[in-house]
Amino acid sequence: MPVHNADVAALFEDVADLLAIQGENAFRIRAYRNAARTLNQLSRPVADLVAAGEDLSDLPDIGDDLAGKIATIVETGRLPLYDELAQDIPPSVADLLRIPGLGPKRVRRLRDALGVDSRAALKRAAETGKVQALDGFGETMEQNILDGLAQMSDDARWLLARVEPIVASLHDHVSAHDAVERVDAAGSYRRRKETVGDLDVLALADDGPAVTEHFAAYEDVAETLSQGDTRASVRLRSGLQVDLRVVPPKSYGAALLYFTGSKAHNVALRDRAVAAGLKLNEYGAFRDDTEKRVAGTTEDDIYDLFDLPYIVPELRENRGELDAAADGTLPDLVTRADLRGNLHTHTTYSDGLHSLEEMAAAAQTRGLEYLAITDHSPAVAVVQGLDADALRAQMDAIDRLNEDLDDLRVLKGIEVDILKDGSLDLPDAVLADLDLCLCALHTALDLDEETQTERVLRALDNPHVHVLAHPTGRRINERPPIEIDLDRVMEAAADRGCVLELNAQPERLDLSDVHCRRAKELGLPLVIGADAHSTDGLDVLRYGVDQARRGWLEADDVLNTKPWADIAPVFDR
DNA sequence: GCCGTTTTCGGCCCGACTGTTTTCAGTCG
């Protein structure tokens with residue numbers, strides 16, 4: 001079984017948790033967490049680097065020791081240090097760290113004093129009042145633990161698209177207070193991450209207590225978790241946790257930067273501050289010696305302090321954006337306005353909600369120059385897919401429609417299923433007459449990596465195929481990505497003159513930001529596809545653009561920023 | 001355990017809030 005970067009990262013995180021419970025040196029613990037972060041953000045499989053004999057200690061936050069441990073994990077699938085630690089502290093104890101309010105110290109005390117070694121044991125101890133009797137615990141803490149245990153089942157992150165309307169109404173509520181001059185949702189929401197854990201909201205105002213009070217009185221608040229003079233934290237009826245910070249003007253830029261994150265970006269920026277004799281926190285940037293404030297009103301001022309240009313939130317992940325900013329090599333990121341067409345659209349011919357004509361009209365309304373109609377082929381059993389005859393009939397209908405359209409070209413396409421053996425669900429003869437052929441997996445998603453990769457490569461061998469749609473098949477919070485060697489797939493696609501799709505549906509966003517960046521490194525362009533099943537479905541393109549931006553993509557890296565006349569030759573295999 | 005344009009040793013981001021305290025430890029982000 002190949003060892004994935006996320007596996008190694010998770011193992012390091014587990015080691016960090018166990019060391020923390022043991023009371024180890026905090027910096028050693030952080031070293032494991034930093035290394036885990038590096039691994040999670042690495043665009044290449046670390047197993048490949050090991051196989052190629054590359055020096056892993058060249059990677060940030062990975063020295064000789066951890067490089068050796070990574071090699072051991074890749075080669076054996078195990079880490080002796082972890083096995084050793086887990087003998088003392090079983091995973092079910094480390095799991096207790098996930099309960100809000102419980103950190104390593106308290107988990108350790110629960111175990112040592114009460115023998116608590118699992119969630120079930122903790123629940124029993126709390127219910128019988130044993131926890132509150134413990135040093136450093138109390139009645140409130142005991143209740144918080146019981147609440148936390150009850151809440152743990154539904155801790156999935158929220159889809160960005162689902163949080164947007166919540167942000168809009170919350171923004172209205174907070175803005176309505178007289179003292180509030182400006183409101184921003186920061187955090188991973190502002191970085192346009194595909195999912196949001198909780199929401200960080202900033203309000204520009206001088207009267208903190210009044211604003212946190214007003215915030216806690218929002219009609220959708222189910223529970224106030226904490227409330228102070230400058231901060232408040234609530235859980236909404238929807239279950240989403242929202243943290244509000246009230247900030248005065250002179251600190252607003254520093255606070256926006258701080259609470260937008262990512263944490264890794266902030267830490268890296270503060271490293272630069274320390275090196276420059278400055279202190280950077282959410283109130284501003286200050287001279288170390290004189291404590292004098294030198295920036296803080298805007299984010300621009302703070303980046304400027306380090307001779308850096310403004311870095312957009314989507315790039316703030318400490319994945320090289322600070323160095324790129326210093327070198328003047330930040331990417332000129334793709335925007336929604338750059339997109340000229342959509343290459344993934346369904347209609348009533350298969351499982352779409354709207355007709356060919358309605359979809360074409362919706363594309364025109366949105367200013368698109370071209371729209372590829374790509375209904376399903378027969379193998380997708382849950383919908384009525386198009387067989388060769390039905391597809392030919394649709395092609396005729398598209399020809400007729402195009403005669404009536406001036407500023408939109410409707411393209412004849414298909415989303416053809418890749419069958420289990422890698423062959424396609426429609427004959428070559430009909431595929432050959434299309435403008436665009438997407439291929440995609442919808443069945444047999446559980447094959448092992450080697451088999452799945454070979455299956456997809458065989459599909460890409462078909463000279464009529466242009467695009468591999470939603471390449472990993474994941475559905476966020478519902479279905480994990482398939483096992484597939486994407487590096488091989490991307491290289492094969494580049495060889496064969498086809499491309500991969502970045503599917504823009506909010507629950508897919510498939511490829512991930514890291515994969516988008518890898519495609520760019522390999523010189524493989526992508527297409528951003530709405531996979532629209534209705535007229536409104538075309539509006540999700542912007543989520544695809546968000547993801548592409550997080551993957552450092554520029555307009556040139558995305559094929560459907562170009563006129564169709566420029567794309568067609570690319571697809572002429 | 002990592003890292004170095006002051007350093008190969010001695011640092012390592014830092015402040016708010018809570019709960020259990022009576023001056024602060026632990027947790028969180």
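Quick caveat, the model's predicted, so the values are computed rather than measured.
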Below 3.5 Å is the cut-off: list the nitrogen or oxygen pairs between protein and nucleotides 27-29 of chain B, distance only.
| residue | atom | partner | partner atom | Å |
| --- | --- | --- | --- | --- |
| B:dT27 | OP1 | A:G103 | N | 2.7 |
| B:dT27 | OP1 | A:G103 | O | 3.0 |
| B:dT27 | OP1 | A:R106 | N | 3.0 |
| B:dT27 | OP2 | A:K105 | N | 3.4 |
| B:dT27 | O5' | A:G103 | N | 3.4 |
| B:dC28 | OP1 | A:G101 | N | 2.7 |
| B:dG29 | N2 | A:Y258 | OH | 2.9 |

Inset, instruction - Taking salt bridge (charged side-chain N to carboxylate O under 4.0 Å, His left out) as the test, write out the residues that go with A:E491, two or more places apart. - result: none
Legend entry - Of the listed nucleotides B:dT20, B:dG1, B:dT18, the one nearest the side chain of A:K69: B:dG1
Inset, instruction - Could you list the residues that satisfy salt bridge (charged side-chain N to carboxylate O under 4.0 Å, His left out) with A:R109, not counting sequence neighbours? - result: none
Legend entry - Residues touching DNA chain B, which here means a heavy atom under 4.0 Å, drawn from residues 128-139 of chain A: A:G136, A:F137, A:G138, A:E139
Legend entry - Test side chain to side chain donor-acceptor pair (under 3.5 Å) applied to A:R336 - qualifying residues, sequence neighbours left out: none
Legend entry - Candidates B:dG15, B:dG1, B:dG19 - which lies nearest the side chain of A:K279: B:dG15
Between the protein and nucleotides 7-11 of chain B, list the N/O to N/O atom pairs that are separated by less than 3.5 angstrom.
none

Inset, instruction - Identify, with sequence neighbours excluded, every residue that meets ring-ring contact (aromatic ring centres under 6.0 Å, His included) alongside A:Y218. - result: A:H173
Legend entry - Stem regions touching DNA chain B, defined by at least 3 consecutive Watson-Crick or wobble G-U pairs below 3.5 angstrom: B:1-4 with B:9-12, B:14-19 with B:24-29
Inset, instruction - Output yes when at least one side-chain N/O atom of A:T140 is less than 4.0 Å from OP1 or OP2 of B:dT20, else no. - result: yes
Inset, instruction - Kindly state each residue pair satisfying salt bridge (Lys or Arg N to Asp or Glu O under 4.0 Å) with at least one member in residues 166-185 of chain A, sequence neighbours excluded. - result: A:R182-A:D184
Legend entry - DNA chain B contacts among residues 30-40 of chain A, heavy-atom distance under 4.0 Å: A:R30, A:A31, A:Y32
Inset, instruction - Identify, with sequence neighbours excluded, every residue that meets side chain to side chain donor-acceptor pair (under 3.5 Å) alongside A:D510. - result: A:T472
Scan the side chains in residues 7-16 of chain A for donor-acceptor partners under 3.5 Å anywhere in the protein, sequence neighbours excluded, and list what turns up.
| residue | atom | partner | partner atom | Å |
| --- | --- | --- | --- | --- |
| A:D7 | OD2 | A:H4 | N | 2.9 |
| A:E13 | OE1 | A:R33 | NH1 | 2.7 |

